[in-house]
There are 2 protein chains.
Amino acid sequence: MDAIRRAKLISTYRDGLLNDTLPFWTEHCVDREHGGFMMSLDRDGTVIDTDKGVWQQGRFAWLLGELYNNVDQRPDWLELAKHGAKFIDDHCFDPSDGRMWFHVTRDGKPIRKRRYAFTESFAAIAYGELAKATGESHYAEKAKRTFRRFIDHNLNPQDTAPKFTDTRPLRGLGFPMITIVTAQELRESINLPDANEWIDRSIEDIRRFHLKDDIQCVMETVGVDGARIDHFDGRTLNPGHAIEGAWFIMMEGKIRGDQELIRTGCKMLDWMWEHGWDREHGGMLYFVDVNGLPVQEYWHDMKFWWPQNETIIATLLAYELTGDPKYAKWHAMIHDWTYEHFPDPEHGEWFGYLHRDGSVSSPLKGNLWKGPFHMPRMQLVCWQLLTETL
Amino acid sequence: MDAIRRAKLISTYRDGLLNDTLPFWTEHCVDREHGGFMMSLDRDGTVIDTDKGVWQQGRFAWLLGELYNNVDQRPDWLELAKHGAKFIDDHCFDPSDGRMWFHVTRDGKPIRKRRYAFTESFAAIAYGELAKATGESHYAEKAKRTFRRFIDHNLNPQDTAPKFTDTRPLRGLGFPMITIVTAQELRESINLPDANEWIDRSIEDIRRFHLKDDIQCVMETVGVDGARIDHFDGRTLNPGHAIEGAWFIMMEGKIRGDQELIRTGCKMLDWMWEHGWDREHGGMLYFVDVNGLPVQEYWHDMKFWWPQNETIIATLLAYELTGDPKYAKWHAMIHDWTYEHFPDPEHGEWFGYLHRDGSVSSPLKGNLWKGPFHMPRMQLVCWQLLTETL
C-alpha cells in the first residue's frame, strides 16, 4: 500500500464520516419533539416510519460519544449523545423486569422485546462514552448495570419463552463476539473492572467451540459442546459476522501486544474470506453453507452493507498488524467493490441492501437494523488505523 | 382462450402433476425408517436436512388423499397419505397442551412450536381426506378436533408469549383466509357441520377489515378495527397472498352460485394484480409497500414459487367464472412467465426462490416451507377447472 493510496484512503474514510455519514443522520433522524432518533429513512432522508429501534438509539449515542471523546470535543455531538441516552433512560427499559425493549413508538411506548438481550450491549457502550465525556458517575453506573444485564440475560434467560425446545441445544457466535467488543469499549471508556476477564472468557469460548481447524472454518452455530450440527442452522456460515469477530480479536491482540491473538484473528479472516468472497460478482455474501449446499435463508446471496464494512476493517487491520501483502490486496478488493456499489451518489450515505450482482434491492437508508453504526464505525476505525501508521 | 391453448394447458398441468411433481416427491421424501416425509431436498432430490416440517407432513398427506378421492383411487397414494398421518399422530402433538409442533427431528423429537397454529389447519385437512378415503370415523374425529384447535388457538392464544406488546394490536389476513380454505376442504371431505358459518364469518372479516375500496387494495395487516397503520408492517402488502384469498372467495362463489362472492374475489385479484405484477421483469413480487415506499423485508423483490401458483389459479378461475378476456390475458402472462423461469429442466419439479430478474437464487426443492403443496395444488385445480369447461 503506497503513500498515495494511503492518503487517498484516509480522506475517503475521514471525509466520508464527517462530511457525509454524520450530517445525513444528524439532519434527518433527530426527534426534537419526543426525544431520541427516528432511523427509518428513505433514500433522501425522509422519515418513513416514526417508530424507534432501540439498538439504534444506543448505537448512535455511542458513535457521537466516541467521536466527542476521540476525534473532536464538539458540543453538538455531546448534546446529541445525551439526547439519545435520555430517550433510553425515559422509555427503553421495561420496569417490570429491568430488561430493555427492542422497538418502541415515536413517543416511547413499547412494541416489542426480543428473547435475547443485545439492546443492552448497545445502551451500555453509549452510557460508557457519556461517562467519559462528562465525568458524571450516573452514566458509568448505568453502563456497568446495563452490561451486567446483557451478560446475565444471555447466560441465563429468565421469563423468556425459548424459541426452540431442548432437543438440540445450540450455541451461537453472537454472544461471545458482542461481549468482546462491548467489554473493550467499556474498558476504554469507564475502565470496566472485569473487562479483561469477559474478553478472555469470550475468546476462549470462540476458540474452543466455534473454530474448526480440521475444516478451516468459523462455525456460526454449534452444539453446546461445540459439535457440528448437520442441519440447515448448523451448516449456515455468516462470513461477515465471523470476520467482524476476527477483527475484535486482532484488535485485542494489538492492544495487548499479543501475537497469538493476532494470529487467531487473521486465521478467522483467512478462513472466512475463502467462504464469503463472491468470486462471481465480488463483495461478501451474507450466508453460505459450510458444505456448499443450498442455504435456507432467503437473502443468503444478497450483499448487505455491514459484512462489507467489517471485512474492510478486518483486512486493513490484518495488513497493518502483519504487513502481509495478501491483506492489502484483499483490502483493495473489498474496499473498491464496496465503494463502487454502496454509496448513494444522489443523496449521500449508503444503500444497505443490494442484490448479489450489486444492483440496488432497497433504497432504504435506515430501519430497525441499519443506522449510523457499522458504516461510520468502519470509517472511524480505518481512518484511525491509517493515521497511526503515518 | 382457444381450444388448442386449453388442451395444451390441460396437459401441462395434468402431466406436470402426475409425471413430474408427484414422482419427484414420492421417490425422494418418504422416510420408511422413521415414518413421515423428509422434505428438505436439494435440486436433484437428495435429502440435505433430515428434520421434518410438520406443515409439510399434513400438506403432503392432504394432497395424496385429495388425489385418491378425486383423481384415481391408487392404493399407493392412500398408503402414503396414511403414512404421513401416522407420523403426525405419533409425534406431532405436544401432549402437554394438545397443540402441534412446527418442526421435529427425523425420529419425531420436537424442535420448535410456533406462536400461531397453522400446522393444525394442514393436519386437519389431511385427516379429512383420509376420513373420506377410508370411511374410518377416527380420522373424521381428528379432523374436527384439529380444526377446532386451529380456530381456538388463533382466536384466543393460551400459554404463548406474544411477539408484540398490546400497544398497537394488529389483525392479519392469514387467519380468515386459511379458515376459509380449511373449512371448504373439510366441508367437502367430512361434511364439517359448521363449515359455512366459519366461511361466512371469515369472508365478512376480510371484507370489513382488509378490503379498502377507497384505495383499491387488500391490506395484509391492519389494526384490530381495520384501521390502516402507517408503519412498515401496516403498509406492507403481500399480493400473492391476497390473490390466494381472492380465489378461495371466488371458489366459494362458484360452489354456492353466489355472484356477489365472485365479484368480491375478482375485485381482490384486480387490485392486487396492479400492486404485485412486476412491470419490469414479469412475475409477482413478494412484498410491496401500499404507497410505493421501500419495504423492510429483505426478500421483498424476490420471485417465490407460490405467489405465482396462486395467481395462475386466480386468473384462470376468474376467467372461467366471468369470461372477461382480461383474465385470460393475465393468466397467459403469469403462466408463461412462471413456466419460463421456475421448472428445473434438469432434475424436474420447480425451483422455489428466484431473484427479481428470474435467475435462480437457491436450487432448493424443499425446506420447512416449500414442499408438495402450492405447486401441485395449482396443477390439480387448474386441470380440474379446464376439464370442467370442456
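Worth knowing before you read on, the calculation uses all heavy atoms, side chains too, and leaves out hydrogens, waters and symmetry mates. Letters A, B, ... mirror the listed sequences (proteins, then strands); counts begin at 1.
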Verify, without hydrogens or angle tests, whether A:Q296 (side chain) and B:L364 (backbone) share a donor-acceptor contact under 3.5 angstrom.
no
Given side chains that start at C-beta, do those of B:P294 and A:R43 come closer than 4.5 Å, heavy atoms only?
no
Who are the ring pair (Phe, Tyr, Trp, His ring centres under 6.0 Å) partners of A:F351, not counting sequence neighbours?
none
B:D301 portion near chain A, given a 4.5 angstrom heavy-atom threshold
side chain
Counting C-beta onward and ignoring hydrogens, is there a side-chain heavy-atom pair between A:S362 and B:V295 closer than 4.5 Å?
no
Applying side-chain contact (heavy atoms from CB on, under 4.5 Å), can you list everything that pairs with B:E33, at least two apart in sequence or on another chain?
B:D31, B:R106
For residues 224-237 of chain A, give me every residue with a non-hydrogen atom less than 4.5 Å from any non-hydrogen atom of chain B.
A:H231, A:F232, A:R235
What part of A:F304 is in contact with chain B, defined as an atom under 4.5 angstrom from a non-hydrogen atom: side chain, backbone, both or neither?
side chain
Contacting region of A:R115 [heavy-atom separation from chain B under 4.5 Å]:
side chain
Whether B:T167 side chain and A:K109 backbone form a donor-acceptor pair below 3.5 Å
no
What's the spacing between A:D42 CG and B:D289 CG if we round to 0.5 Å?
9.5 Å
Using atom types as modelled and distance alone, determine if a side-chain donor or acceptor of A:T165 lies under 3.5 Å from a backbone N or O of B:R112.
no
Hey, which of B:K370, B:H355, B:R168, B:M302 has the most heavy atom pairs under 4.5 Å with chain A?
B:R168
What I'd like to find out is whether the side chain of A:H300 reaches to under 4.5 Å of the side chain of B:S361, using heavy atoms alone.
yes
Tell me whether A:D166 at atom CG has more than 12 heavy atoms from other residues, nucleotides or ligands lying less than 6.0 Å away.
no
Using only non-hydrogen atoms and a strict under-4.5 angstrom cutoff, which residues of residues 44-51 of chain A touch chain B?
A:I48, A:D49, A:T50, A:D51
Note: vs chain A, highest number of non-hydrogen pairs under 4.5 angstrom among B:Y353, B:W369, B:W299 is B:W299
